[in-house]
Amino acid sequence: MYIALSFVVFLLLAGVCSEIFDFIILYGNDIEVGSFLVHLSKQNHQITVSLLSRLKELKQTNLYKMAGSSNPQFEFQTYQREYSLVSLDGEDPPTCYERLKSQFSTLYTSITADMWLLMATVVLIINTATERVTFKMMVDRMLPYKFVLIDIIFLASCSIFSAISYYKQRYTDEITPNMKLFPHKWILGIAFVDSVQFLWSVYSAIGVSPTMTVILMHASTLFIVMASRVVTPSRSYGKLHSIGVVFISVAIFLSLFKIIYNDYYFSSDESRWYTTKSAFLYLIASALQGLSTLMKEKALVEWSQPIDIYFLSSWLFFYQFLITVIFSVLFYLYEAIFGIQGSIWRSFYYGWNCFLGFTPSASSRDDDSIQFINCNGSFILITTYVFATFAVLAAINVVLQYSSQVVGRAVSAAILTAFLALWMYDLYESRAHPSNYIFGGKVGLFDVVAVIILVVGMEVYSRDPEPDVELLT
């Protein structure tokens, strides 16, 4: 994705530089007189008659010298129409933004639907793996400051979607005045569930192995299918949906069976059932994610009008940020009252320092010092996670626009990619400790079998069209 964006920026800059180069060659020594006067007139939007006359004479003279034309006036008007530097009738010339937008539009329209679908699918697969790995790394490294971490994530996400929403309202007509009437009580309710779900995920993910997070998170699919019969009785799932749900359930069961067995037979008394409790808490968080999805779909059904995804997401992240800030203050206040941690101010201070990459020393920490902290590279890590999450959402939106049937297979490929990436992360993190599992780290045979069954289940599930697929956008 980042290479593609860099290529687009390169093309735009190349076009601008080409026009500047042609302009300099054409006017030679008169560049100081002609170019600066034209650009000054663009800024003020007031071109005097004397300026136009002088500039016209300069251009006519140079064109005549270079081309030897018998009709320099015709050559001058042709050049003006081609490069749109200034209008003979005194109209305002196009701004730099308008010229860049014109070149980008040309590039945009040259991309076919198949190319858009292919690029969006690749972006979806890569960034799904990136989002999963960076999420686990953030949780493992910044656990004592998890509430500050969540505040920063929601603030950054709100900033990105708000900027896009502002651009659409300012320069396009994609966000209509009617969309702004979307009830905020619905947005606030969804934001509350999303905030609780994310807090729960962060809190429980520390005790779950990296690869297991990929498997357990798909419990949201099970919850959506089962709860839909209550929330939206009119929704009808096909036979393949039911078969896919069975496969997904088996994959989750195998993962849970593995950790229950290990905790019962191999864990010490101090840590017994810790992993099992964390896994079930993470499972509940995934179910809350399914509940949030159903709430969004129900709100869109009742709204029954178009709504821009970026406009809606900007408000969702705004409310999520406010809600998590309140949760953070209450949590740190609770820890300060009961002596678990120091003052609220110090908790936020060290949390933001950790985000900027400064790991607090053991002597200055007033939290639970037995918890591991590694703040090196936290800024890049969190920023990558936020942009990966944004890229996944944008890619799904594009894929749904061109072919909803591709989403299932893209998700299946994303599951395998994320599993492999998290396996490599697990191997790296446990490199100093001997592993009792066949594939190293915390990855055993049960994990590999479970992820294969999960992929098969998602593939079978996606063979039937998703009910109300238009709501997913």
Side-chain angles (χ1 to χ4, degrees), residues 1-2 123-157 160 197-218 255 259 274-275 278-279 281-282 285-286 289 324 328 350-360 365 367-368 370-393 414-433 435 437 439-443 447 451:
M1 178 187 68
Y2 306 109
V123 168
L124 174 61
I125 295 172
I126 294 176
N127 284 279
T128 298
T130 303
E131 182 266 340
R132 283 291 88 198
V133 173
T134 51
F135 172 81
K136 183 59 177 172
M137 292 177 67
M138 289 187 308
V139 173
D140 291 347
R141 295 184 174 203
M142 293 182 62
L143 178 62
Y145 306 117
K146 52 185 170 293
F147 282 93
V148 178
L149 166 66
I150 296 171
D151 293 340
I152 294 171
I153 290 174
F154 285 152
L155 178 61
S157 300
I160 294 175
Q197 180 270 329
F198 197 74
L199 284 166
W200 211 315
S201 297
V202 171
Y203 180 79
S204 59
I206 185 65
V208 182
S209 65
T211 53
M212 189 177 293
T213 60
V214 177
I215 300 172
L216 296 183
M217 67 179 294
H218 286 86
S255 295
I259 60 173
Y274 171 72
T275 305
S278 299
L281 288 175
Y282 195 84
S286 300
Q289 184 179 8
T324 52
S328 302
Y350 285 122
W352 277 92
N353 273 351
C354 189
F355 165 66
L356 297 175
F358 302 103
T359 304
R365 287 180 59 183
D367 53 55
D368 187 358
I370 65 173
Q371 292 181 336
F372 172 76
I373 294 181
N374 182 5
C375 300
N376 296 329
S378 294
F379 178 82
I380 297 176
L381 190 64
I382 295 175
T383 303
T384 303
Y385 170 81
V386 171
F387 277 99
T389 305
F390 165 76
V392 169
L393 182 63
I415 292 173
L416 284 177
T417 306
F419 184 88
L420 292 174
L422 287 168
W423 176 38
M424 298 301 295
Y425 168 70
D426 192 9
L427 289 175
Y428 177 79
E429 288 295 311
S430 59
R431 63 191 183 280
H433 307 283
S435 174
Y437 295 96
F439 295 104
K442 298 178 181 178
V443 181
D447 298 294
V451 76

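Just so it is clear, the structure is predicted and the values come from calculations on it, not from any experiment.
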Contact summary for [X] and [Y], nearest pair of heavy atoms:
X    : Y    : value
N376 : R141 : O-NH1, 3.0 Å
V148 : G351 : CG1-C, 3.7 Å
G207 : T275 : O-CG2, 3.5 Å
V214 : A418 : CG2-CB, 4.1 Å

For a 4.5 angstrom cut-off between non-hydrogen side-chain atoms, does [X] reach [Y]?
X    : Y    : result
F135 : V202 : yes
Y203 : V139 : no
T211 : V451 : no
I382 : I152 : yes
F387 : T130 : no
F198 : I153 : yes
T389 : Y385 : yes
Y274 : I206 : yes

Can you tell me if [X] uses its side chain to pair, donor with acceptor, with the backbone of [Y] under 3.5 Å?
X    : Y    : value
T417 : A129 : no
K136 : A205 : yes
S157 : F154 : no

Looking at [atom1] of [X] and [atom2] of [Y], how far apart are the two atoms once the value is rounded to the nearest 0.5 Å?
X    : Y    : atom1 : atom2 : result
N353 : C375 : CG    : SG    : 8.5 Å
I160 : L155 : CD1   : CG    : 10.0 Å
M212 : S278 : CE    : OG    : 10.5 Å

(message) Test of understanding: with salt bridge (Lys or Arg N to Asp or Glu O under 4.0 Å), list the residues that count as partners of K442, not counting sequence neighbours.
(response)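 Partners of K442 under the salt bridge (Lys or Arg N to Asp or Glu O under 4.0 Å) test: none.
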
(request) Tell me, please, which residues at least two apart from D426 pass salt bridge (Lys or Arg N to Asp or Glu O under 4.0 Å). (result)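 D426 satisfies salt bridge (Lys or Arg N to Asp or Glu O under 4.0 Å) with no residue once adjacent residues are dropped.
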
Pairing residues for [X] by the side chain to side chain contact (heavy atoms under 4.5 Å, CB included) criterion, not counting sequence neighbours:
X    : result
V133 : M137, A421, L422
S328 : F147, D151, Y332, F348
S286 : M217, A219, Y282
L416 : V455

(request) Could you tell me whether I380 atom CD1 has more than 12 heavy atoms of other residues or ligands within 6.0 Å of it? (result)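 At most 12 heavy atoms, drawn from other residues, nucleotides or ligands, come within 6.0 Å of this atom.
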
(request) For Q289, check side-chain hydrogen bond (donor to acceptor under 3.5 Å, both in side chains) against everything at least two apart and list the hits. (result)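 Checked Q289 against side-chain hydrogen bond (donor to acceptor under 3.5 Å, both in side chains); zero matches.
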
(message) Applying side-chain hydrogen bond (donor to acceptor under 3.5 Å, both in side chains), can you list everything that pairs with S201, at least two apart in sequence or on another chain?
(response)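 Per chain and number, S201 pairs via side-chain hydrogen bond (donor to acceptor under 3.5 Å, both in side chains) with Q197.
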
(request) Report yes if the distance between the aromatic ring centroids of F358 and Y350 is under 6.0 Å, otherwise no. (result)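 So the answer is no for these two rings.
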
(message) Applying ring-ring contact (aromatic ring centres under 6.0 Å, His included), can you list everything that pairs with F379, at least two apart in sequence or on another chain?
(response)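 With neighbours one apart ignored, the set is F355.
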
(request) Sequence neighbours left out, what passes ring-ring contact (aromatic ring centres under 6.0 Å, His included) with Y425? Give chain and number order. (result)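 With neighbours one apart ignored, the set is empty.
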
(message) Before you tell me yes or no, could you show the steps for F419 and V443 under side-chain contact (heavy atoms from CB on, under 4.5 Å), namely the whole-Å CA-CA distance, both residues' side-chain angles and the distance that decides it to 0.1 Å?
(response) CA-CA 10 Å; F419 184 88; V443 181; 4.2 Å; yes

